[in-house]
Amino acid sequence: MKRQEILAGCLADIQNGKRTLEDCISRHPDLEKDLHSLLKIATALEPDTVSPSADFKQRTLHRLFEEMQAPAPRLSHRWLSWRELTPVRVVASVLAGVLILGVVGGTTLYASRNSLPGDTLYSVKTTVENFQLAVTSGTEARADLRITLVRRRIDEAVQQVKKNRNIDAQALQTVEKQLDNTLKELKNSHDTKSTNDVLSRLSVATLNQELELEQVIADFQQEDQPALKQALGVTRRGNLIAQVAYANHDFLERQPSVSDQTLEEHQFKINGTLLSISGRTWNVGGVIIQNVYLSGNVPAIGNHVNLEGVVKDDEVFISQIAVSQISNQSTTVEGQFGGNNQNGTSSVGGISVEISDDNIAQLQPGDEVQLKGDHDDGKLNVTNKENKQDENKDTAKLSGVLTGVDVKLSMITIESAGRQISVNVGEAQIESDNKRNLNLSDLNHLVGNHSVLTGLYKKDGLMYAHFMRVEIADGSDGASGSSDEAGNPDQSSASDED
Amino acid sequence: VPESEHDLVQQAIKRDRAAFTALYERHVDQVYRHIYYRVFNQIEAEDITQDTFVKAWKAIDNYKNTGAPFAAWLFIISRNLIADHYKKKPKHLNIDEVPEEKLVDPDSDPEGMAEANLNKELVKNAVLKLKGDKQQVIIMRFIDGFSYEEIARALNKNEGAVRMIQCRGLIELRQLLKRE
């Protein structure tokens, strides 16, 4: 056997664990130097520790969907297996297919892809889309198709603005219907992983659409354009619903709608000691919260918890929970002030809070407030009220766990609804929730903490933020022991894409 | 229960978009890393990754199950796209870009090299100078983590041939590293 063949065999056997380096050398001592040097090189061959960004993956998915909608290279291609075809679908598919292909032909179909509302071919485009919806089977595939259609409507509106054309409000209004239908289909799905995958994609897609709409509204002075503003609100709520539903499937069961504006008003944050749990009623630092729904482990009584969630129809859905064993008597409640209730309590972020002082008149419904106080005899004794109006309130928001920091590139990575999203925070004001200013290198010690980015915008395909707040659950400036993952045990399954 | 890769591929061949999307979700990270290793540039890696999946969708009818993982087929598609990419422009990474202190002693012998602390970027740069199957096998084996059997099936060779190509690839890498 030739020397090189022996060498190749030794290398392969060592890598496969069939023989050790010593075995090979004892049998072929003349190969010792070669084996040492080649194995050294082999061990220096490592994959790069890089991952494609969530934004890129989403863009690629969109391009794939576009390609998939192009005329199929073979006539025999089909979306449904015959077993899946119900008689109604068969008739609808055949009729629609015959009608579309017979009337307009493949070339026209292809040409219609880039048409805008008002163009001659636009009706062909929407007819094809309806046909696709009729013949696409499977919750995930249908939901993905709907997400694609939402993106398409918003892209069209953006194109219309850029071309100085009138926006077709009717076309843009279908965004609401498609998003709600997506949520309805997910509600009926029994496949948790698929549901989470779609919610994850929906979260990223709606965030991108929100940013695009904000950008075009700002760049082309479209602040008074109601259709665009409505679409912006719809995508923002779509993002909120996707985020909450990803963390808490009970929320999806209640069939939230992107047209429900109270969802934005009923977002809350509560930071306090978990004093008691009785059924679905929690006492967190003196704030009594009823009808609480949480996916995952319920924290132990006595822990300091940082809750975030949404109230819908008097039910409270927790989307994020951080737990700290560090004792802290103070309680904070944050959200939009909704006014006083008939029973004497006040509504903050949809949560009823008993406020014991007489300064409540200073707050106006719609104000973003933070109440701070101590729990006394199971009730919250408010000692400080703060109006938290900020200039970034009405801009796109991204919240999630800080998973990575690259000081050199001024980039951070946030895990949100199972996706890793990179954001440049080089120009951002960064602070902790106790208002201590932080710099990028401080963030290295805060990986794992929940963070909120506001004032998001996109430039050259990259996402930037004007403001970043890192939550430090123990109230100190350090990051040690500040939080754990107790509240979201399902997250790993959704982020595991293999 | 997630569908098997084989089932997904069979469905994708029948132009099932959901199945192909699932394959995309499964393999996009791996394909991106494979391409990034070769082009060492985020934007170009993204472009080529995207083109790889689009091309895969268009050509899925031609997919033949050789027993190799589906990812190997995607890598073969990406290889052609990367080749086109390099035809259009020179390689980005240059040996001169590696900091001097990280270079291996040019006078070192194979034994000395075994003791040297090989710089990963330097080795990578040398890998990118390998030609044809040698580069493909080295990357599929060490970067993508395929077995000899899987590489053999993907490249339509026998395992012995793959072992030889790997050995020759490593020897050439050693020469390149010494030369530099």
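Naming: A, B, ... by sequence-line order, numbering from 1 per chain.
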Problem - Contacting region of B:V31 [heavy-atom separation from chain A under 4.5 Å] - result: neither
Practice task
Counting only heavy atoms closer than 4.5 Å, note whether B:Y24 contacts chain A via side chain, backbone, both or neither.
Solution key: side chain
Completion exercise
By side chain to side chain contact (heavy atoms under 4.5 Å, CB included), B:A161 pairs with (sequence neighbours left out) B:K157, B:N158
Handout entry: Which portion of B:E46 sits near chain A, non-hydrogen atoms under 4.5 angstrom
Key = both
Handout entry: Test item: side-chain donor near acceptor, A:T195 and A:S189, under 3.5 Å
Key = yes
Handout entry: B:D47 and B:H85: side chain donor to acceptor below 3.5 Å
Key = no
Problem - Stepwise salt bridge (Lys or Arg N to Asp or Glu O under 4.0 Å) test for A:R201 and B:E25 - result: CA-CA 11 Å; A:R201 287 199 282 277; B:E25 293 278 1; 2.7 Å; yes
Handout entry: Residue pair B:S4 / B:D7, side-chain donor-acceptor N/O under 3.5 Å
Key = yes
Completion exercise
In short, salt bridge (charged side-chain N to carboxylate O under 4.0 Å, His left out) pairs touching residues 20-29 of chain A with sequence neighbours left out are none
Practice task
Using distance alone, with no hydrogens and no angle criterion, decide if A:T60 and B:Q50 have a side-chain donor and acceptor under 3.5 Å apart.
Solution key: yes
Practice task
Apply ring pair (Phe, Tyr, Trp, His ring centres under 6.0 Å) to B:Y148 and list each qualifying residue two or more places apart in sequence or on a separate chain.
Solution key: none
Practice task
Give, as side chain, backbone, both or neither, the part of A:L145 having an atom under 4.5 angstrom from any heavy atom of chain B.
Solution key: side chain
Completion exercise
Honestly, the part of B:F142 sitting under 4.5 Å from a heavy atom of chain A is both
Handout entry: Test: A:R63 cationic atom under 6.0 Å from B:W57 six-membered ring centre, within 45° of axis
Key = no
Handout entry: A:R142 side chain near A:N181 side chain, heavy-atom distance below 4.5 Å
Key = no
Handout entry: Portion of B:I171 that has a non-hydrogen atom of chain A nearer than 4.5 angstrom
Key = both
Handout entry: Contact winner vs chain A - B:Y32, B:F53, B:Y37, heavy-atom pairs under 4.5 Å
Key = B:Y32
Fill in the blank from the handout: chain A shares the most heavy-atom pairs under 4.5 Å, among B:T49, B:I43, B:L170, with B:L170
Completion exercise
Within residues 66-80 of chain B, the residues sitting under 4.5 Å from chain A by heavy atom, in sequence order, are none
